[in-house]
Amino acid sequence: MKKIVSILAVAAMAASMFAVDVSVTSKLSSTLFKYDGKAETVSALGELANAQTADYATISSMSVSTDNAGASIKFWGSSKADEDSLKYGAISVWFKPTDMVKLSFLGNDDGLFGDKYNGYEANKLAAIPAGYGVEIATNGLTVKINAANDWMSKAKDADVVIGDTGIKVAYGADFGSVAAIVDFKNTFKDVTFGAGYSGNFGDVGVVLTAAYDVKAKKALIVPSLGGSVEGIGYALCAPVTIVKDANKFGLYASASYTVNSIGLKAYFEDANLAADTFACKIGLDVTGNVGIASWKVAPSYTTDTKVFAIGFETGVSF
């Protein structure tokens with residue numbers, strides 16, 4: 001925790017001296033109540049920590065940026081009083097030598113468009129790796145080339161080994177945005193490619209992405225849409241995975257409404273409707289804010305595990 005305080009102090013000093021945007025977020029999550037129908041166990045007021053080590057679920061994160069440079073760092077860990085429990089990662093540094101060119105280092109992995117249900121690309125198959133990146137943008141066209149860490153190596157009397165290399169090309173105009181990705185691994189022997197579209201048709205937002213892994217012979221198609229009708233928001237995502245003897249047909253749907261600044265979102269999630277066992281998650285998210293603080297109470301039930309839980313999240317952002 002001392003490390004976080006020191007970093008925040010340096011960021012505050014920098015912001016006071018230069019035109020710098022500083023963003024800091026701290027977030028905790030837990031389970032208020034859990035009943036496991038299979039094990040017939042009950043628990044309450046679980047450990048306050050971050051739910052998982054994903055970029056979108058961190059204990060704390062900080063970013064600093066100017067018009068032509070920036071950096072970010074994210075922290076994961078436990079609420080226990082143990083300094084070793086706090087870990088950092090997702091470090092990123094970037095700067096722009098010219099208006100058209102951006103150089104970035106770590107934290108710069110990228111994929112196709114996020115679906116309308118999650119808001120991020122939870123079903124990604126085609127992506128470019130984090131590492132050393134160069135991006136060129138002009139007149140709505142963006143080209144990114146990324147090389148993963150330890151990109152090239154050669155042992156004595158051995159062939160050159162080339163690591164993960166990704167290229168993304170995107171273009172945006174009045175019709176929406178289109179993008180294509182090709183990713184090469186294992187010295188260009190393993191190839192994954194994909195393409196996508198994101199745009200609006202009237203009040204309906206539409207995202208369609210598709211990708212194919214040549215070595216695994218695996219295809220992924222993710223159509224999704226979202227919008228609102230009379231103040232009721234809706235989102236739908238139906239990912240289809242096509243692979244030998246293991247096809248999957250997922251369905252994710254939600255409806256949301258705000259009542260006196262309290263957000264309500266009911267949802268249904270099933271990763272594979274074609275599975276032999278009906279395994280879905282049904283839940284309700286109740287969210288709100290108190291000043292710069294946010295909170296969420298989230299009761300849910302998972303059919304295959306027979307677990308009923310009430311999740312809890314709270315955080316502060318400025």
Non-hydrogen atoms of [X] and [Y] that approach each other most closely:
| X | Y | answer |
| --- | --- | --- |
| Leu220 | Lys124 | CD2-C, 4.2 Å |
| Tyr171 | Asn139 | CE1-O, 3.6 Å |
| Ala127 | Ile181 | N-CG2, 3.9 Å |
| Tyr117 | Ser254 | CE1-CB, 3.7 Å |

Between Asn146 (side chain only) and Asn108 (backbone N and O only), is there a donor and an acceptor less than 3.5 Å apart?
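Side chain of Asn146 to backbone of Asn108: a pair is present.
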
Where the side chain of Thr314 meets the backbone of Leu28, is there a donor-acceptor pair that is under 3.5 Å apart?
no

Just so I know, are the side chains of Leu141 and Val169 near enough to count as touching, which here means a heavy-atom distance under 4.5 Å?
yes

If we only count heavy atoms from C-beta on, is the Ser43 to Phe33 side-chain gap below 4.5 Å?
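They are not in contact (no side-chain heavy atoms under 4.5 Å apart), so the answer is no.
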
Has [X] got more than 12 heavy atoms of other residues, nucleotides or ligands less than 6.0 Å from its [atom1]?
| X | atom1 | answer |
| --- | --- | --- |
| Lys34 | NZ | no |
| Tyr257 | OH | no |
| Lys217 | NZ | no |

Does a side chain donor of either Ser23 or Asp21 reach within less than 3.5 Å of an acceptor in the other side chain?
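No, no side-chain donor-acceptor contact under 3.5 Å.
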
Looking only at the side chains, is there a donor atom on one of Thr165 and Trp151 sitting less than 3.5 Å from an acceptor on the other?
yes

Quick check for you: to the nearest 0.5 Å, what is the distance between Lys244 atom NZ and Lys218 atom NZ?
16.0 Å

Hphob cluster co-occupancy, Leu45 + Tyr35, side-chain heavy atoms under 4.5 angstrom:
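They do share one cluster, since a chain of ILVMFWY contacts under 4.5 Å joins Leu45 to Tyr35.
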
Test: Asp159 and Lys154 ion pair at under 4.0 Å
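Salt bridge absent between Asp159 and Lys154.
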
Can you check side-chain hydrogen bond (donor to acceptor under 3.5 Å, both in side chains) on Ser317 and Thr25, steps first, answer last?
CA-CA 4 Å; Ser317 300; Thr25 298; 3.2 Å; yes

Any idea how Phe105 and Tyr132 line up, ring-wise: parallel (<30°), tilted (30 to 60°), or perpendicular (>60°)?
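The arrangement is perpendicular - the two ring planes meet at more than 60°.
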
